[in-house]
2 protein chains.
Amino acid sequence: MSEFALIGALVERLGGGPADEVPLGPGDDAAIVTIGGTAVAVTVDAMVDAVHFDRALSSAADVGWKLVAVNVSDLAAIGARPIAAVVALHLPDGSEREWVLELADGVAEAAGGWGVRVVGGDVVSATELAVSMTLLGEVPAGAPLTRAGARAGDALVLIGETGLAGAGLALAQAGEDDLLAEHPELLAAHRRPVARITAGRALAEVGAHAAIDTSDGLGQDAGHVAEASAVGIVIREAAVPMHPGVRAAEARLGRDGLALHGGEDLALLATVDPADVGTLRQRMADLGEPFAVIGEVRPGSGVSLLRCDGTTVDASRHGYEHGRTNGGGRT
Amino acid sequence: MSEFALIGALVERLGGGPADEVPLGPGDDAAIVTIGGTAVAVTVDAMVDAVHFDRALSSAADVGWKLVAVNVSDLAAIGARPIAAVVALHLPDGSEREWVLELADGVAEAAGGWGVRVVGGDVVSATELAVSMTLLGEVPAGAPLTRAGARAGDALVLIGETGLAGAGLALAQAGEDDLLAEHPELLAAHRRPVARITAGRALAEVGAHAAIDTSDGLGQDAGHVAEASAVGIVIREAAVPMHPGVRAAEARLGRDGLALHGGEDLALLATVDPADVGTLRQRMADLGEPFAVIGEVRPGSGVSLLRCDGTTVDASRHGYEHGRTNGGGRT
């Protein structure tokens, strides 16, 4: 059973879906619920030892940092502002106190940077080390951005670069230390990804039609938008930013597609009215965020990659489902 | 390192504690954060296979039910009203689809009964099956009740009975099937505990000074109130309700203290002005909830059990920390 099929079945059983008190239900980067008349954004991400992190590659503080970052990024993708979090910590007997406290330091460092307060948690006995965070946030005017709002004719824009985290992990697993030393941003992207909360707010303010973060991989996440919006998406390969380190990793490892399918990047993919591209480009320049128009939205379905040689391939099918050291899927 | 010592160290590292936007921080049954000017209650509980449940004793639907119940009880203890939840599901490869969907059915059944909407989640690959829920709620007038408000002179009241869940588990582990058949409510209390959300609301409305649920065991939870409130608590053994099944279990198993230290019960322990006891007793009678005055609050510290023979013992020291098939601690 595939992960996405299971999630679909679970959502059906759980009776999710929008309602008066649930403006945004399962199926997006975050949900929104109405509590005391106020819209509250909520998202959860879990990370499991040896699945989502490798203790030989990431320090405990890195793991804590990343836990916050992936949650903050989910709120960024809907244009919300993170406020407070709770953490569940599954600890094997005999866990080293220092490792656990260093994890907390990483959580605190990242949370402090994004203005998030950690207000509670649960610590439980387990065989397998795992940690999850639920993050709550405000929903400002203009938000939420969802996966479902893309319209034919929209420009497809990417804020940030993709492939770095995947390249860093693949090079580390292959022992290519020289290339990692030459491009330290690759392993940094794997260890301490940076969520784009201000960019997400700007997308909402400019009136983007749809948005998602690229945690599953650019191609697969474009597929989520295409499916939720019932549109087709074209990505122009030549327009997708290629970080020199990602290009070098592809050459060294003899594989391509890292920018398109690497996963675990916290770039933001959005669709906007072409008339708003200029404004958005300026906002991103002001923020110092990489910005590129990488394709467009068309009637139809699926994600087509228009290759440099003029051929077209399905770009949504090569993303990662949850494998070792990659993220899982959200309902 | 004990669980509570670790939690204390973690809270310190994470920089928790009340602030303008955090009216109730770590250390209570639930936290309260201010989002968009509205107070939002939040709590999280994780359950790990073979630690918090035994698949030979509990069906997948039982596990799903209990996950909701323990979270709802945390909100009940602060007088809040549950609204919406997210779930993190850690699934080993090869998990049976039917088991997972039955878990979702149990979650849906309990959530529906308490008016909770499940609005999202995360499904991740793992070696060990585990599930956690974060529950959000409203904070009505009169709430929150905290552990910290008990005052010398208060009456100590118990809503519900204790020891049933612990007796059910202990009898099942000992293979005492005849006694379990004679008292089916014991195993039912272990498998499908019932949270007391309406009783918690009533406590807030009557103006109770402090409250907690008895998930760690009556004696230990009284200790949490005594410590947070900087008071002493006296429990009169003769006043603690003894369910006949619990009494029979103690006799059969040759142990005592199940009602005081069994754990995993979702009774509510509260301290109230003696002048309010009559009103509260009537409210509980109207709800059909067992109600007893089991002791009082005094200046000092700790929890003293006044035994039937006139001797006094420390009653806070025998609760469970997180052992096999028992709950963990919350920060």
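A note on names: the letters A, B, ... follow the listed sequences, proteins ahead of strands, and every chain is numbered from 1.
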How about A:H90 and B:V48: do any of their side-chain heavy atoms sit closer than 4.5 Å? yes
B:M133 side chain near B:M47 side chain, heavy-atom distance below 4.5 Å: no
In a table with atom names and distances, give each donor-acceptor pair under 3.5 Å that connects a side chain of residues 107-115 of chain A to protein atoms at least two apart or in another chain.
from   : atom 1 : to     : atom 2 : distance (Å)
A:E109 : OE1    : A:R192 : NH1    : 3.2

Shortest non-hydrogen contact between B:L145 and B:A204, atoms and distance: CD1-N, 3.8 Å
What part of B:E138 gets closer than 4.5 Å to chain A, counting heavy atoms only: side chain, backbone, both or neither? both
Does any backbone or side-chain atom of B:I35 lie under 4.5 Å from a heavy atom of chain A? Answer side chain, backbone, both or neither. both
If you count heavy-atom pairs under 4.5 Å between each of A:L103, A:V40, A:T34, A:T134 and chain B, which one has the most? A:T134
Please flag which part of A:L89 lies under 4.5 Å from any non-hydrogen atom of chain B: side chain, backbone, both or neither. side chain
Among B:A30, B:G36, B:A130, which residue has the highest count of heavy-atom pairs closer than 4.5 Å to chain A? B:G36
With no hydrogens and no angle check, do the side chains of A:S125 and A:D93 hold a donor and an acceptor under 3.5 Å apart? yes
